[in-house]
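Reading through the structure tokens given below for one structure.
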Amino acid sequence: MEKNIKYKKLPRSWYERPLLEVARDSIGKLFIYNSPQGQIITKIVEVEAYHMIGDPACHAHRGKTSRNYVMFGEGGHLYVYFIYGMYYCMNIVVEKEGVAAAVLIRALEPISGLELIRKNRPNKKDRELLNGPGKVCSGLGITKKHNGLDLTSEIIFLAESKNILTNQEIISTTRIGISQAKDLPWRFYEKNSIWVSKP
DNA sequence: TGAATGATGCGCT
DNA sequence: GCGCATCATTCAT
């Protein structure tokens, strides 16, 4: 895929760092998916962090299961799960093998491949295309088939963006839609972005 | 413009 | 059974 040559793919070592560092650093990174229908390029504008230790809201908090085992593997893979009977959510697996931690992608800013995303989410305004974790997977066509995919592959990966955000441009608040560990400020999003799920 | 609600299936107690 | 890292729609202000 020659198109990708201009993008600097993030290496395994970028993912195998402490959870909150990766979560914060992920804001502003490019998320690139070479789908069977064509290339989609987006920018990460909102995420949440989840960790097996000290975080009861994390799927891995009670140990490894057939659903969450990908989180226990090496960093730099995709963890996709099915929720509420009809939606998928996708996470970036973080930290070393044996430590279950992940960054939930909550919102993306579409950059290219808009026709494809619109096709996946008919009759939606552009701002409604990818502003929520379920919408992100629906818009990109991510399903459980993508669970465990290697993010250092050519199919799907993160890349450095031209404009790097400063710490001031990244807001940290409490997570959305959970009933446990509500007080942890583990949600990160780009300040002033119109593409986030909830400002 | 915000609150309430139904859809819908899987994993865990 | 119950709860769930959600979303779109409906209904009330």
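Every chain is numbered from 1 and lettered A, B, ... according to where its sequence line falls, protein lines coming before strand lines. Just so you know, these numbers use all the heavy atoms, side chains as well, and skip hydrogens, waters and symmetry mates.
Two residues are said to be in side-chain contact when any heavy atoms from C-beta on lie closer than 4.5 Å; A/I142 and A/V136 fail this criterion. Two residues are said to be in side-chain contact when any heavy atoms from C-beta on lie closer than 4.5 Å; A/P18 and A/E21 meet this criterion. Side-chain contact between A/R12 and A/T152 is present, with at least one heavy-atom pair separated by less than 4.5 Å. The shortest side-chain heavy-atom distance between A/K198 and A/I176 falls under the 4.5 Å cut-off.
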Residue pair A/I111, A/L30: steps toward the side-chain contact (heavy atoms from CB on, under 4.5 Å) verdict:
CA-CA 9 Å; A/I111 293 176; A/L30 297 178; 3.7 Å; yes
Could you go step by step and tell me if A/L140 and A/L130 meet the side-chain contact (heavy atoms from CB on, under 4.5 Å) rule?
CA-CA 9 Å; A/L140 267 56; A/L130 304 171; 3.7 Å; yes
Decide side-chain contact (heavy atoms from CB on, under 4.5 Å) for A/V47 and A/R187; before the verdict, give the C-alpha distance in whole Å, the side-chain angles of both, and the deciding distance to 0.1 Å.
CA-CA 6 Å; A/V47 301; A/R187 172 176 176 243; over 6 Å; no
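Under 3.5 Å, the side chains of A/S197 and A/E46 contain a donor-acceptor pair of N or O atoms. Counting only N and O atoms by type, the side chains of A/E169 and A/T166 include a donor and acceptor under 3.5 Å apart. Residues A/N131 and A/K135 bring a donor and an acceptor atom of their side chains to less than 3.5 Å of each other.
A cation-pi arrangement is present between A/R17 and A/W14 under the rule of less than 6.0 angstrom and at most 45 degrees off the ring axis.
Contacts of residues 173-199 of chain A with DNA chain B (heavy atom under 4.0 Å): none. Only A/L104, A/R106, listed by number, bring a heavy atom of residues 99-109 of chain A to less than 4.0 angstrom from any atom of DNA chain C. Residues of residues 122-142 of chain A that place a heavy atom closer than 4.0 Å to DNA chain B do not occur. Within residues 47-66 of chain A, the residues that have a heavy atom under 4.0 Å from DNA chain C are, in order of number, A/Y50, A/A57, A/H59.
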Which atom pairs, donor and acceptor, lie under 3.5 Å between side-chain atoms of residues 156-164 of chain A and protein residues at least two apart or in another chain?
{"unit_1": "A/E160", "atom_1": "OE2", "unit_2": "A/K29", "atom_2": "NZ", "d": "3.4"}

Considering only distance and modelled atom types, tabulate donor-acceptor pairs under 3.5 Å from the side chains of residues 77-90 of chain A, sequence neighbours left out.
{"unit_1": "A/H77", "atom_1": "ND1", "unit_2": "A/G148", "atom_2": "O", "d": "3.0"}
{"unit_1": "A/H77", "atom_1": "NE2", "unit_2": "A/E74", "atom_2": "OE2", "d": "3.0"}
{"unit_1": "A/Y79", "atom_1": "OH", "unit_2": "A/H59", "atom_2": "ND1", "d": "2.9"}

What nitrogen or oxygen pairs link the protein and nucleotides 4-7 of chain B at under 3.5 Å?
none

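For A/S172, the side-chain contact (heavy atoms from CB on, under 4.5 Å) criterion is met by A/R24, A/P185, A/F188, not counting sequence neighbours.
Ion pairing of A/D126 with A/R121 is absent here, as no side-chain N (NZ or NE/NH1/NH2) approaches a carboxylate O to less than 4.0 Å. In summary, A/K43 and A/E190 engage in a salt bridge, as defined by a charged side-chain N under 4.0 Å from a carboxylate O. A salt bridge links A/D55 with A/R175; the closest basic N to acidic carboxylate O contact falls under 4.0 Å.
Taking atom CZ on A/F82 and atom C1' on B/dT8, their separation rounds to 7 Å, with Å as the unit.
Contacts between chain A and DNA chain C, taken as any atom within less than 4.0 angstrom of a protein heavy atom, begin and end at C/dC4 to C/dA8.
Around CZ of A/R62, the count of heavy atoms belonging to other residues, nucleotides or ligands within 6.0 Å does not exceed 12.
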Watson-Crick and G-U pairing of DNA chain C written in dot-bracket, each distance under 3.5 angstrom, with | for inter-strand partners
||||.|||||||.
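The other residues sharing a hydrophobic cluster with A/I194 are A/V45, A/I171, A/Y189, A/W195, A/V196, where clustering joins ILVMFWY side chains under 4.5 Å apart.
Within the structure, ring pair (Phe, Tyr, Trp, His ring centres under 6.0 Å) contacts touching residues 29-53 of chain A (residues at least two apart or in different chains) are A/Y33-A/H146.
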